[in-house]
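Report on the following structure.
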Amino acid sequence: MSVIIRGAIKLYYYLNEDIIDDKTKNWFLIGSPWPGLGMLAVYLLLVTKCIPEFMKNRPAYDLRRTIACYNILQIIGCAYVFYQSMILGWFNNYKLICQPVGNGEADVIFAGKVCYSYFLLKVFDLLDTIFFAFRKKQNQISFLHVYHHFGMVAVSWGLVKWVPGGHATFMITLNSFVHIIMYTYYLLTILDDSYKQSVWWKKYVTQIQLIQFMALFVHFVLLVFAKDCGFPKEPAYILIPQNLFMVILFGDFYYRTYIKSPKKEEVLNGKLK
C-alpha cells in the first residue's frame with residue numbers, strides 16, 4: 001500500500017510541477033487541479049440531484065430571455081477564440097501537423113487569447129445543463145450531454161496546463177467554429193419555435209458535430225505516426241480514444257434520432273415521408 005501511495009504522490013508532482021508549461025502555471029483555475037475538480041463535482045451534483053430535487057414540485061422556469069442572452073454570448077466568445085486562433089496561429093505560422101508549443105512572447109499571447117479563453121468557454125458551457133435542469137428537461141441531461149461537457153472542461157484545462165499551443169489547438173479552432181453554428185441554431189430556436197420543429201436544422205447540426213470528431217480523430221492519429229515531431233505525442237493517446245468515443249456516442253444518437261425513429265414513424269403512419 002505504501003508503494004502505491006508513494007507512486008501516486010510522485011505522479012501527482014510529476015503532472016503538476018515537472019511537465020507543466022511555465023506560461024500558464026499561475027493562471028486562475030490552472031495551477032492546481034483541485035478547484036477545477038471541485039467545480040465539476042458541484043456541477044454533477046447540481047444537475048443530477050440538487051436541482052431535480054428542488055424542481056420536483058415546482059413548475060419549470062421560463063428562461064427564454066436568459067438563454068437567448070447566453071447563446072449570444074457563446075457566439076461572441078466562440079467567434080473571438082476562432083478569430084484569434086486563426087490570426088495568431090493558423091493564418092500566421094502554424095502548420096497542420098507537428099506544430100510545436102513555443103515559449104516566446106507571441107506564444108504567451110496565443111496561450112491567453114486562444115487556449116485559456118477556450119477553457120473559460122468550456123466552463124461557461126456547463127450552464128447548458130443547469131438551464132435544462134431548471135426547465136425540467138431531465139430527458140436532455142443524457143449521459144452523452146453530461147460526459148461531453150465534463151470531458152471538454154477537463155481536456156481544455158489539460159491543454160492550458162501542459163500544451164497551451166501547437167498541434168492540439170486545431171481542436172480549439174475547429175470546435176469553436178462548430179459551436180458558432182450550434183449556438184446560432186440554439187438562438188434561432190429560442191427566437192422562433194418553427195426552427196425547433198425543423199428536423200433539417202437539427203440533423204445537419206449533428207452531422208457537423210460528427211464530422212468534427214472524425215476530423216479530430218484523424219488529426220491526432222497523424223500526430224502519433226509523424227516522425228521527429230516537435231509536439232509531444234502523449235496528448236494524442238488521450239484524445240484519440242476520446243474523439244473515437246464521441247464519434248460512437250454521437251453516431252448512436254444520430255442513428256436513433258434521424259434514421260431509426262423516422263422509419264418507425266413511417267410504419268405507424270402507413271406512408272413514406
Side-chain angles (χ1 to χ4, degrees), residues 21 23-30 36 39-40 43 67-97 99-131 145 148-188 205 208-217 219-220 223 231 235 238-239 242-243 246:
D21 193 289
K23 295 190 296 291
T24 62
K25 64 181 181 180
N26 295 319
W27 291 2
F28 177 63
L29 290 176
I30 303 301
M39 176 183 63
L40 288 175
Y43 162 73
I67 295 173
C69 293
Y70 167 77
N71 289 333
I72 291 170
L73 290 175
Q74 282 283 8
I75 293 167
I76 293 170
C78 291
Y80 171 82
V81 171
F82 176 75
Y83 172 78
Q84 293 293 347
S85 69
M86 297 302 287
I87 295 300
L88 297 175
W90 299 101
F91 275 165
N92 190 1
N93 58 356
Y94 269 36
K95 53 187 179 181
L96 194 58
I97 303 174
Q99 176 65 34
V101 182
N103 290 305
E105 183 179 350
D107 299 295
V108 175
I109 295 172
F110 185 93
K113 289 189 173 182
V114 177
C115 300
Y116 189 63
S117 296
Y118 179 74
F119 163 69
L120 294 178
L121 274 177
K122 296 303 104 180
V123 173
F124 193 40
D125 279 355
L126 298 179
L127 286 177
D128 278 349
T129 327
I130 302 294
F131 293 147
H145 176 91
H148 179 56
H149 280 66
F150 185 101
M152 288 309 296
V153 171
V155 167
S156 58
W157 180 86
L159 290 180
V160 176
K161 188 173 183 70
W162 294 306
V163 282
H167 184 93
T169 60
F170 177 71
M171 178 186 73
I172 294 175
T173 307
L174 182 57
N175 186 248
S176 297
F177 177 74
V178 169
H179 274 67
I180 293 171
I181 298 172
M182 189 179 76
Y183 281 108
T184 300
Y185 165 69
Y186 291 157
L187 178 61
L188 290 173
V205 168
I208 290 169
Q209 290 174 305
L210 266 171
I211 292 169
Q212 168 196 214
F213 292 120
M214 288 187 285
L216 292 174
F217 173 78
H219 189 245
F220 285 108
L223 175 63
F231 189 89
I238 297 172
L239 292 171
Q242 160 70 8
N243 281 287
M246 294 310 298

Checklist entry - With distance as the sole test, does N175 use its side chain to make a donor-acceptor pair with the main-chain N or O of M171 at under 3.5 Å? => result no

Item to check | Between OH on residue Y185 and CE on residue M182, distance to nearest 0.5 Å | outcome: 11.0 Å

Checklist entry - How about N243 and Q212: does a side-chain donor come under 3.5 Å of a side-chain acceptor? => result no

Next on the checklist: Can you tell me how far apart OG1 (T184) and CD1 (I72) are? Round to the nearest 0.5 Å.
Outcome noted: 10.0 Å

Item to check | From M214 atom CE to L210 atom CG, the distance as rounded to the nearest 0.5 Å | outcome: 5.5 Å

Checklist entry - Side-chain contact, heavy-atom cut-off 4.5 Å: H219 with L96? => result yes

Next on the checklist: For a 4.5 angstrom cut-off between non-hydrogen side-chain atoms, does M152 reach M246?
Outcome noted: no

Checklist entry - Quick check: does any side chain N or O of D107 sit under 3.5 Å from a backbone N or O of G104, one acting as donor and the other as acceptor? => result yes

Next on the checklist: Which heavy atom of V155 sits nearest to which heavy atom of L239, and what is that distance?
Outcome noted: CG1-CD2, 3.7 Å

Next on the checklist: Using the rule given for side-chain contact (heavy atoms from CB on, under 4.5 Å), can you reason through Q74 versus H179, listing the C-alpha separation, both sets of side-chain angles and the distance that settles it, and then say yes or no?
Outcome noted: CA-CA 8 Å; Q74 282 283 8; H179 274 67; 5.6 Å; no

Next on the checklist: Is it the case that the side chain of W27 and the backbone of G112 share a donor-acceptor pair, with hydrogens and angles ignored and the cut-off at 3.5 Å?
Outcome noted: no

Checklist entry - Which atoms form the tightest heavy-atom contact between L121 and C78, and what is the distance? => result CD1-N, 3.7 Å

Item to check | Donor-acceptor pair, side chain of H167 and main chain of F220, under 3.5 angstrom | outcome: no

Next on the checklist: Using a 6.0 Å cut-off, check whether atom CZ of F131 has over 12 heavy atoms from anything other than its own residue.
Outcome noted: yes

Next on the checklist: Ring centres under 6.0 Å, that's the criterion: do Y186 and Y183 meet it?
Outcome noted: yes

Next on the checklist: Go through it in stages, so that I can follow the logic: the residues are F231 and I97, the test is side-chain contact (heavy atoms from CB on, under 4.5 Å), and I'd like the CA-CA distance, side-chain angles, deciding distance and then a yes or no.
Outcome noted: CA-CA 9 Å; F231 189 89; I97 303 174; over 6 Å; no

Checklist entry - Hey, is the main chain of F82 close enough, under 3.5 Å, to the side chain of S85 for a donor-acceptor pair? => result yes

Next on the checklist: Looking only at the side chains, is there a donor atom on one of T129 and Y43 sitting less than 3.5 Å from an acceptor on the other?
Outcome noted: yes

Checklist entry - Going by heavy atoms in the side chains, are T169 and V163 under 4.5 Å from each other? => result no

Item to check | Pair F110 + Y94: ring centers closer than 6.0 Å | outcome: yes

Item to check | Straight-line distance of N93 CG to L88 CG, nearest 0.5 Å | outcome: 9.5 Å

Checklist entry - Above 12 or not: heavy atoms from other molecules or residues under 6.0 Å from OH of Y80? => result yes

Next on the checklist: Taking side chain to side chain contact (heavy atoms under 4.5 Å, CB included) as the criterion, tell me which of I75, L187, D128 meets it with Y70.
Outcome noted: D128

Checklist entry - Is the side chain of H149 donor-acceptor paired with the backbone N or O of L127 at a distance under 3.5 Å, no angle test? => result no

Checklist entry - Looking only at heavy atoms, which two atoms of W90 and K95 are closest? And how far apart? => result CZ3-O, 3.2 Å

Item to check | Verdict with reasoning, T24 to Y116, per side-chain contact (heavy atoms from CB on, under 4.5 Å) | outcome: CA-CA 9 Å; T24 62; Y116 189 63; over 6 Å; no

Checklist entry - Tell me, do N103 and D21 make a side-chain contact under 4.5 Å, heavy atoms counted? => result yes

Checklist entry - Can you check whether V108's main-chain N or O pairs, donor with acceptor, with K23's side chain at less than 3.5 Å? => result no

Checklist entry - What pair of heavy atoms forms the shortest contact from C115 to G165, and how long is it? => result SG-N, 3.6 Å

Item to check | Exercise: identify the closest heavy-atom pair between M39 and V153 | outcome: CE-CG1, 4.3 Å

Next on the checklist: Show the nearest heavy-atom pair for residues S176 and I172, with the distance to one decimal.
Outcome noted: OG-O, 2.7 Å

